[in-house]
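Note sheet for the following structure.
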Amino acid sequence: MSSDFESYEQDFAVLTAEITGRIGKVPKLVGDEKKQMVANVEKQLEEARELLEQMELEVREIPPQSRGMYSSRMRSYKQEMGKLEADFKRSRIAYSDEVRNELLGDDGNSSENQRAHLLDNTERLERSSRRLEAGYQIAVETEQIGQEMLENLSHDREKIQRARERLRETDANLGKSSRILTGMLRRVLGRKVTLQLLLYHSVLWTSKRI
């Protein structure tokens with residue numbers, strides 16, 4: 001397991017070294033060469049993020065007693081990744097300023113305050129994007145919970161309907177049993193009355209003969 005992590009580490013080290021070199025070249029290039037370099041850096045940054053995700057998955061599979069050292073290294077790599085992204089963001093802002101100045105005929109001497117303002121706006125947009133993504137995730141989870149509740153209610157309704165059907169069947173059986181018992185009781189009472197009458201007539205007949 002650790003061998004896979006170390007392999008990812010080596011790939012990450014090589015990739016970040018290439019990214020650092022290319023970021024340093026961005027301000028020195030012009031035109032299509034600069035555009036291509038920016039596109040290449042963006043692609044490599046995405047590859048680096050994917051490597052970090054793979055490394056993090058590997059760390060989760062490492063036994064807890066050995067995980068601390070790898071977790072510390074992961075924190076260092078994430079800090080390095082954040083620094084690369086910040087450096088690239090600054091180089092992109094400088095690149096955007098140069099393009100704007102070329103289009104407007106500016107002399108290219110942008111102030112540091114303007115660049116800081118652009119950087120701040122970029123960070124605000126990213127924060128807004130993250131909030132929107134979090135809101136969307138909450139909406140999806142809420143929809144899933146609602147769907148599960150509707151399914152549970154549907155199952156409960158089916159159970160209640162089956163219970164009502166069994167209750168009606170039980171009532172019908174009780175009614176039938178009650179009618180049968182009533183008929184049996186009537187027959188028993190009728191036989192008892194008949195026996196009593198026969199006994200009474202027998203007694204009368206015997207008394208008359210005496």
Side-chain angles (χ1 to χ4, degrees), residues 1-102 108 110-145 148:
M1 186 67 65
S2 60
S3 61
D4 292 336
F5 181 86
E6 291 169 356
S7 176
Y8 289 134
E9 272 185 317
Q10 294 174 2
D11 293 341
F12 184 77
V14 172
L15 187 58
T16 52
E18 292 179 359
I19 293 172
T20 301
R22 288 185 169 180
I23 289 176
K25 292 179 182 178
V26 169
K28 301 175 183 178
L29 300 175
V30 294
D32 292 337
E33 288 184 350
K34 182 171 288 189
K35 292 179 181 178
Q36 185 61 45
M37 184 63 70
V38 169
N40 291 337
V41 173
E42 289 176 340
K43 182 179 179 181
Q44 286 188 310
L45 284 172
E46 183 61 29
E47 293 176 2
R49 294 186 195 99
E50 292 176 357
L51 277 175
L52 282 179
E53 291 177 0
Q54 293 294 330
M55 292 163 68
E56 197 162 17
L57 290 175
E58 292 295 329
V59 170
R60 293 177 184 175
E61 298 296 328
I62 295 174
Q65 60 271 20
S66 305
R67 193 179 299 166
M69 177 181 65
Y70 293 96
S71 298
S72 177
R73 284 151 70 173
M74 279 300 303
R75 286 193 294 271
S76 176
Y77 295 141
K78 288 180 179 179
Q79 290 175 357
E80 183 179 355
M81 188 69 194
K83 183 178 181 302
L84 283 175
E85 290 176 338
D87 290 343
F88 180 55
K89 186 183 296 183
R90 284 191 289 270
S91 71
R92 287 179 62 187
I93 291 173
Y95 166 63
S96 299
D97 285 344
E98 290 178 7
V99 173
R100 177 179 58 80
N101 292 334
E102 290 176 3
S110 300
S111 68
E112 290 298 325
N113 290 335
Q114 288 176 325
R115 293 185 179 183
H117 182 66
L118 289 172
L119 180 61
D120 185 57
N121 286 340
T122 302
E123 291 176 349
R124 287 180 184 176
L125 287 173
E126 291 183 353
R127 287 196 297 269
S128 299
S129 178
R130 288 194 294 269
R131 284 196 294 268
L132 288 173
E133 185 176 354
Y136 173 76
Q137 185 64 31
I138 292 173
V140 171
E141 292 175 356
T142 302
E143 183 180 359
Q144 292 175 348
I145 293 172
E148 291 176 358

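We count residues from 1, following the sequence as given.
Under the ring-ring contact (aromatic ring centres under 6.0 Å, His included) criterion, Phe12 pairs with Tyr77, not counting sequence neighbours. Here Glu56 pairs with Lys78 under the side-chain hydrogen bond (donor to acceptor under 3.5 Å, both in side chains) rule; sequence neighbours left out. Partners of Tyr8 according to the side-chain hydrogen bond (donor to acceptor under 3.5 Å, both in side chains) rule, which considers only residues two or more places apart in sequence or in another chain, do not exist here. In this structure, the side-chain hydrogen bond (donor to acceptor under 3.5 Å, both in side chains) partners of Arg49, at least two apart in sequence or on a different chain, are Glu46, Glu85. Scored by the side-chain hydrogen bond (donor to acceptor under 3.5 Å, both in side chains) test, Lys83 finds Asp87 as partners (sequence neighbours excluded).
Counting only heavy atoms from C-beta outward, the side chains of Met81 and Leu45 approach each other to under 4.5 Å.
Closest non-hydrogen pair, Ala48 versus Ile19, comes out as CB-CD1, 4.3 Å. Residues Val59 and Ser71 come closest through the heavy atom pair CG1-OG, 3.8 Å.
The distance from the CG atom of Leu52 to the CG atom of Leu57 is 11.0 Å, given to the nearest 0.5 Å. Note that CD1 of Ile23 and NZ of Lys25 are 12.0 Å apart. Values are rounded to the nearest 0.5 Å. Atom OG1 of Thr20 is separated from atom CD of Glu80 by 6.5 Å, given to the nearest 0.5 angstrom. Note that the CZ atom of Phe5 and the CD atom of Glu61 stand 13.5 Å from one another [nearest 0.5 Å]. Arg67 CZ to Arg60 CZ: the interatomic distance, rounded to the nearest 0.5 Å, is 9.5 Å.
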Tell me which donor-acceptor pairs under 3.5 Å the side chains of residues 37-44 have, and how far apart each pair is, sequence neighbours excluded?
from: Asn40; atom 1: OD1; to: Gln36; atom 2: NE2; distance (Å): 3.1
from: Asn40; atom 1: ND2; to: Gln36; atom 2: O; distance (Å): 3.3
from: Gln44; atom 1: OE1; to: Arg22; atom 2: NH1; distance (Å): 3.3
from: Gln44; atom 1: NE2; to: Glu18; atom 2: OE1; distance (Å): 2.8

Would you sort out whether Glu9 and Tyr70 count as a side-chain contact (heavy atoms from CB on, under 4.5 Å), showing the intermediate values?
-> CA-CA 11 Å; Glu9 272 185 317; Tyr70 293 96; 5.8 Å; no
Verdict with supporting geometry, Arg73 and Glu6, side-chain contact (heavy atoms from CB on, under 4.5 Å) = CA-CA 11 Å; Arg73 284 151 70 173; Glu6 291 169 356; 4.1 Å; yes
